[in-house]
Amino acid sequence: MTTTGEYHAGHPPPGAGLWWWGRWRSAVLDVSLGMVSALECGVEGVRFAADAGIPVAAGVVFGLLAGAVLVLRRRWPIAVVLVSIAVLPAQMGLLLGIVGLYTLAASELPRRIIASLAGMSFVGTLIVTFVWVRQGVDRGDLSFGDWVVPFASVTTALGVTAPPLLLGLYVGARRRLMESLRERADSLERELQLLAERAEERAEWARNEERTRIAREMHDVVAHRVSLMVVHAAALQAVARKDPEKAVKNASLVGDMGRQALTELREMLGVLRSGAVEVERVRGAVVPLAAVGAAAAAAADRERFGGDEGGADGPCLSELEELIGQSAAAGMAVDLSVEGETRVYAPEVEQTAYRVVQEALTNVHKHAAGAKTHVRLAHRASEIAMQVENEPPPESASSALLPSGGNGLVGMKERVVALGGVFVSGPTDAGGFRVSAVIPAA
């Protein structure tokens, strides 16, 4: 008895087999069992023909046909079991009945059908055995007591029906369990593949976000000082011959600004490089990648502004006077007014407020050189507000021809909105430009 090639009754699995067999070896097995069963029933057909008073050839042909039905066990197991029950009175088809019951029990047919046919086979075997043993006792062929007749009948019926039935039920349950596990494994594999694809999409999204973020950080850190350098260089060119003393001062300022810009750029690139090494070490993780840009900017700002000692992650509002002083040294008429009680905010709040003012002053240098600028800072109960407004530039003012990528205002808005704040910018009625932002204190 083998379980190879068993499947749902009436629904053969796909394969390269023959007809309803999924595999060639299954077809060979069933044909072999059918030939053995046909031979058995054909031999028993001789005795059946003698008892029934029919020609021997007819009994043999009947036995061969009945036994050959076993070839159809995988396609029509119910028909095989019914044929085995039908030939029980002729005392033939032992192999047919055993293999048929096993196949029926291992199939996916409803349990009530399996139980009904198994019960019919048991009753049929019981009756045939009872009659055969009783006839033997009556003829004197068997010399046992009367109690042996029912005992032998029940024992034979159980021995013929119970083992194949139980084995078939076990094999069917085991096959269903294996199919369930296989389907679960396939489902898990598909889920893992889907998760891997989504992780790759998230990683790609994170990489794109970091490219934008790093570009914004580089812009904020370097653009302001480079803009001041260009302004000072233009002033140096204008006064080089008229006022050598002022020219020397401007040249010194240009050198200081250049060194500061290079220092900040080197610090940021260094942190980015170390962050990239960490990402490579934990390849496939999205979180380290997403943290590289933020870590780079924060580390660079800590190096520049002493964040390790002050506990901040970057420039703070107390540095605004120095920032405005740098713009004033470049020739900008700028004043600072502060409203409310000065206090310390969260590092990201102070850093964002500082960057907004810094970028707004940079834009004045680029687009409104020589214009008077007003910087207002208001400390409120649950928020901090800042506003940078410049008047129209004088007609005599010369442009420094500074390039603009158009990302300054976008970067400021992204920073403020990320903290739950509000950012507004646009021209004023007087012809100037105003940048306003409100950031929650918490």
Side-chain angles (χ1 to χ4, degrees), residues 201-203 205-221 223-224 268 271 275 286-302 304-305 307 310-321 323-324 336-364 373-390 405-428 433-442:
E201 292 176 359
R202 289 196 298 269
W205 174 83
R207 284 192 288 269
N208 293 333
E209 287 294 314
E210 284 312 303
R211 291 189 186 101
T212 304
R213 179 185 179 87
I214 291 170
R216 185 173 65 245
E217 296 292 345
M218 297 285 289
H219 179 276
D220 290 342
V221 170
H224 179 71
M268 174 168 285
V271 176
V286 178
V287 174
L289 179 62
V292 171
D301 286 335
R302 282 195 297 270
R304 174 68 183 89
F305 296 98
D313 288 332
C316 54
L317 293 175
S318 61
E319 306 288 338
L320 278 182
E321 292 185 2
L323 178 68
I324 293 174
L336 171 66
S337 63
V338 180
E339 301 176 5
E341 184 179 354
T342 303
R343 64 182 188 273
V344 178
Y345 299 91
E348 58 269 19
V349 173
E350 294 214 7
Q351 181 181 0
T352 300
Y354 180 93
R355 293 299 189 197
V356 169
V357 176
Q358 182 187 55
E359 179 59 26
L361 293 176
T362 301
N363 287 340
V364 175
T373 305
H374 307 278
V375 179
R376 300 180 181 90
L377 190 66
H379 299 275
R380 300 170 183 170
S382 59
E383 60 188 18
I384 179 174
M386 64 225 66
Q387 178 178 288
V388 179
E389 180 179 350
N390 63 274
N407 296 318
L409 295 176
V410 176
M412 284 191 284
K413 184 175 182 179
E414 289 178 352
R415 284 180 177 273
V416 173
V417 173
L419 296 179
V422 178
F423 178 86
V424 178
S425 63
T428 63
F433 198 83
R434 179 188 299 119
V435 172
S436 303
V438 179
I439 305 175

Give the minimum heavy-atom separation between [X] and [Y], together with the two atoms involved.
{"X": "Leu317", "Y": "Tyr354", "value": "CD2-N, 4.2 Å"}
{"X": "Ser436", "Y": "Gln387", "value": "OG-OE1, 3.4 Å"}
{"X": "Arg343", "Y": "Ser382", "value": "NH2-N, 4.4 Å"}
{"X": "Ala437", "Y": "Val416", "value": "CB-CG2, 4.0 Å"}
{"X": "Met412", "Y": "Ala360", "value": "SD-N, 4.1 Å"}
{"X": "Gly420", "Y": "Pro440", "value": "O-CG, 3.5 Å"}

### Task
Please list, chain by chain and in numerical order, all residues satisfying ring-ring contact (aromatic ring centres under 6.0 Å, His included) with Phe433, sequence neighbours excluded.
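None.
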### Query
Taking side chain as C-beta onward, heavy atoms only, is Leu320 less than 4.5 Å from Met386?
no
### Message
With a 4.5 Å cut-off on side-chain heavy atoms, are Val344 and Glu350 touching?
### Response
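Side chain of Glu350 against side chain of Val344, heavy atoms only: contact under 4.5 Å found.
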### Task
Would you please test Asn363 and Asn390 for side-chain contact (heavy atoms from CB on, under 4.5 Å) and show each step?
CA-CA 10 Å; Asn363 287 340; Asn390 63 274; over 6 Å; no
### Message
side-chain contact (heavy atoms from CB on, under 4.5 Å) for Val356 and Arg415? Distances and angles first, verdict last.
### Response
CA-CA 8 Å; Val356 169; Arg415 284 180 177 273; 5.6 Å; no
### Atom pair CG (Leu361) and CD1 (Ile324), whose distance is rounded to the nearest 0.5 Å
6.5 Å
### Atom pair NZ (Lys413) and CD (Glu359), whose distance is rounded to the nearest 0.5 Å
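Spacing of NZ (Lys413) from CD (Glu359) equals 15.0 Å.
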### Expected output: side-chain Glu389 to main-chain His374 donor-acceptor under 3.5 Å
no
